[in-house]
S.K.: 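Quick one: the structure is below, questions incoming.
Predicted, not measured: the structure shown is a model, and the values here were computed from it.
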Amino acid sequence: MTAPRKDPRPASQRIADDLRAAIDSGDIGPGEKLPTTKTLVEQYGVTAETVRQAVLRLKAAGVVTSRQGGGVYARVLPPLKRLGIQRYDKAGWRDRGEVAFIADRVASGREYNRTDQTQVVSRVPASRAVATGLGIPEGTEVVSRARLVKEAGVPTHMLTSYYKVQHVEGTRLEDPSPGPAGKGGGFGVFLEQGLEPHQMTEDLYARMPTPAEAAELELPAGEPVMVLHRTTYTADDTVIEYAVGVHSASRFAWTYNFLIPDSAVEGDSDAQ
């Protein structure tokens with residue numbers, strides 16, 4: 001009979017993995033206290049130092065936090081719903097004057113203040129990525145509008161939009177005052193300019209933050225970010241915005257609702 005294979009993981013890693021599994025499954029709920037060091041020492045037959053190393057692993061992964069007065073607790077991670085397609089509903093920004101981040105708050109039942117958004121506006125030469133996104137030569141001067149959005153004082157995401165100068169020069173999109181760019185935000189400005197947003201492409205991927213991003217978003221150690229690349233077009237395929245967003249991964253949940261495409265039917269329709 002073959003002897004059971006010995007677990008190759010260090011004891012601290014094994015304890016951390018077990019506790020992480022309990023947190024992920026809900027056996028240890030958000031805000032719930034983890035077993036004490038004494039309990040874990042007795043359960044695993046290890047030293048207090050080994051348990052401490054396990055807890056440090058969990059803190060580095062951003063899933064637990066210490067509280068004043070003692071104890072380690074599972075982090076409370078109530079995600080802010082990001083509506084995906086629905087957050088750009090024209091009735092929101094065209095008719096009600098709402099902007100996308102406010103649509104997120106409304107969908108999540110959260111309070112909001114328009115000054116939760118601040119921005120730095122400048123003119124910069126287009127990088128290769130920005131030039132490609134806007135369809136202009138690299139180095140062309142563009143307007144950069146870098147926003148930082150907070151909820152209850154905690155940063156949730158950063159979003160920098162790049163615009164062609166001729167599209168936004170002299171408009172509210174060059175105003176660095178806190179809050180959206182007036183009624184309907186940037187999309188409202190484009191509507192006034194005769195450049196009504198009609199279609200957009202969004203690409204999302206996850207990565208670890210840069211040191212600057214971690215500091216700006218006040219991220220706990222080990223927390224990844226979701227990166228968004230967004231391109232917005234008019235009905236005649238004119239690119240009016242290229243944007244790059246960096247979102248705290250634990251503070252957002254993406255929700256998309258759309259009709260399922262059927263390329264066979266679409267192909268038949270095109271052929272008629």
Side-chain angles (χ1 to χ4, degrees), residues 80 82-85 87-88 93 99-101 103-104 117-150 155-176 180-181 184-191 193 195-219 222-254 256 258:
L80 178 67
R82 187 178 189 277
L83 288 173
I85 297 169
R87 72 196 302 262
Y88 302 121
W93 53 266
V99 296
F101 93 81
D104 293 337
Q117 174 182 301
T118 56
Q119 50 260 327
V120 175
V121 180
S122 58
R123 294 196 180 188
V124 299
S127 66
R128 180 177 300 178
V130 171
T132 300
L134 290 176
I136 57 177
E138 185 176 351
T140 301
E141 185 179 59
V142 296
V143 174
S144 165
R145 191 164 184 258
R147 281 96 81 199
L148 176 66
V149 181
K150 296 183 177 182
T156 59
H157 66 286
M158 302 181 290
L159 181 73
T160 301
S161 293
Y162 300 93
Y163 313 106
K164 299 172 186 175
V165 173
Q166 65 268 30
H167 286 168
V168 302
E169 188 170 21
T171 70
R172 298 188 303 276
L173 283 174
E174 288 199 299
D175 183 354
F187 285 3
V189 171
F190 282 124
L191 185 65
Q193 296 291 95
L195 296 165
E196 181 175 349
H198 177 73
Q199 179 182 343
M200 61 177 56
T201 300
E202 289 192 340
D203 295 307
L204 284 166
Y205 64 92
R207 63 166 168 77
M208 297 306 296
T210 66
E213 291 167 347
E216 187 79 357
L217 291 174
E218 300 176 14
L219 299 176
E223 177 157 339
V225 292
M226 292 294 296
V227 180
L228 165 74
H229 287 240
R230 181 177 81 200
T231 308
T232 307
Y233 307 81
T234 62
D236 65 359
D237 290 331
T238 299
V239 178
I240 54 176
E241 178 205 36
Y242 174 72
V244 179
V246 181
H247 300 69
S248 168
S250 70
R251 297 168 192 164
F252 276 93
W254 274 258
Y256 290 90
F258 51 88

S.K.: Going by salt bridge (Lys or Arg N to Asp or Glu O under 4.0 Å), name the pairs with one or both residues in residues 162-173, residues two or more places apart or in two chains.
M.R.: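 As it turns out, the salt bridge (Lys or Arg N to Asp or Glu O under 4.0 Å) pairs with a partner in residues 162-173, which skip direct neighbours, are Arg123-Glu169, Arg172-Glu192.
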S.K.: To the nearest 0.5 angstrom, please state how far the CG atom of Asp236 sits from the NE2 atom of His198.
M.R.: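 Going from the CG atom of Asp236 to the NE2 atom of His198 covers 9.5 Å.
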S.K.: To check you understand the geometry: which heavy-atom pair defines the closest contact between Tyr205 and His229, and what is its length?
M.R.: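 The answer is OH-NE2, 3.7 Å.
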S.K.: Can you sort out the partners of Phe190 under ring-ring contact (aromatic ring centres under 6.0 Å, His included), two or more places apart, ordered by chain and number?
M.R.: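 Here the qualifying residues are Tyr163.
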S.K.: Might you point out which heavy atoms bring Pro176 and Val121 nearest each other, and give the distance in Å?
M.R.: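 Heavy atoms of Pro176 and Val121 come nearest at CA-CG2, 4.0 Å.
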S.K.: Just to verify, what does Ala249 make a side-chain contact (heavy atoms from CB on, under 4.5 Å) with, not counting sequence neighbours?
M.R.: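 side-chain contact (heavy atoms from CB on, under 4.5 Å) check on Ala249 returns Pro224, Met226.
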S.K.: State which residues pass side-chain contact (heavy atoms from CB on, under 4.5 Å) with Val246; sequence neighbours excluded, sorted by chain then number.
M.R.: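 Result, side-chain contact (heavy atoms from CB on, under 4.5 Å) vs Val246: Met158, Arg207, Glu213, Leu217, Val225.
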S.K.: Any heavy-atom pair between the side chains of Glu216 and Pro155 that's under 4.5 Å?
M.R.: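 No - every pair of side-chain heavy atoms lies 4.5 Å or more apart.
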S.K.: Do you know which two heavy atoms are closest between Ile240 and Tyr233, and how far apart they sit?
M.R.: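 Answer, listing the atom of Ile240 first, then Tyr233: CG1-N, 4.4 Å.
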S.K.: Do Thr231 and Val239 touch side chain to side chain, with heavy atoms closer than 4.5 Å?
M.R.: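 Thr231 reaches Val239 side chain to side chain.
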S.K.: I'd like to check the side-chain contact (heavy atoms from CB on, under 4.5 Å) partners of Ala129; sequence neighbours left out, ordered by chain and number.
M.R.: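 Expected list: Ser127, Tyr242.
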S.K.: With side chain to side chain contact (heavy atoms under 4.5 Å, CB included) as the criterion, how do Glu202 and Trp254 come out once you've worked through the C-alpha distance, each side chain's angles and the decisive distance to 0.1 Å?
M.R.: CA-CA 12 Å; Glu202 289 192 340; Trp254 274 258; 5.6 Å; no
S.K.: Can you pull out every side chain to side chain donor-acceptor pair (under 3.5 Å) where at least one residue sits in residues 138-149? Sequence neighbours excluded, please.
M.R.: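 Found Gln119-Arg145, Arg147-Ser161.
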S.K.: Out of curiosity, His157 NE2 to Leu148 CG, how far, rounded to the nearest 0.5 Å?
M.R.: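 Result: 8.5 Å between the selected atoms.
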S.K.: Could you pull out the closest heavy-atom pair between Ala181 and Val189, with the gap in Å?
M.R.: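 Minimum heavy-atom separation between Ala181 and Val189: O-CG2, 3.9 Å.
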S.K.: If you take all heavy atoms of Gly139 and Pro125, which pair is closest and at what distance?
M.R.: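 So the two residues come closest at O-CB, 3.7 Å.
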S.K.: When you look at Val143 and Leu173, which way does the side chain to side chain contact (heavy atoms under 4.5 Å, CB included) test go after all the steps?
M.R.: CA-CA 9 Å; Val143 174; Leu173 283 174; 5.9 Å; no
S.K.: If we ignore hydrogens and angles and just use 3.5 Å, is the side chain of Gln193 paired with the main-chain N or O of His167 as donor and acceptor?
M.R.: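 Flag set: sc Gln193 to bb His167 pair under 3.5 Å.
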S.K.: So which atom in Ala243 and which in Glu241 form the shortest heavy-atom distance, rounded to 0.1 Å?
M.R.: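 That would be CB-OE2, 3.8 Å.
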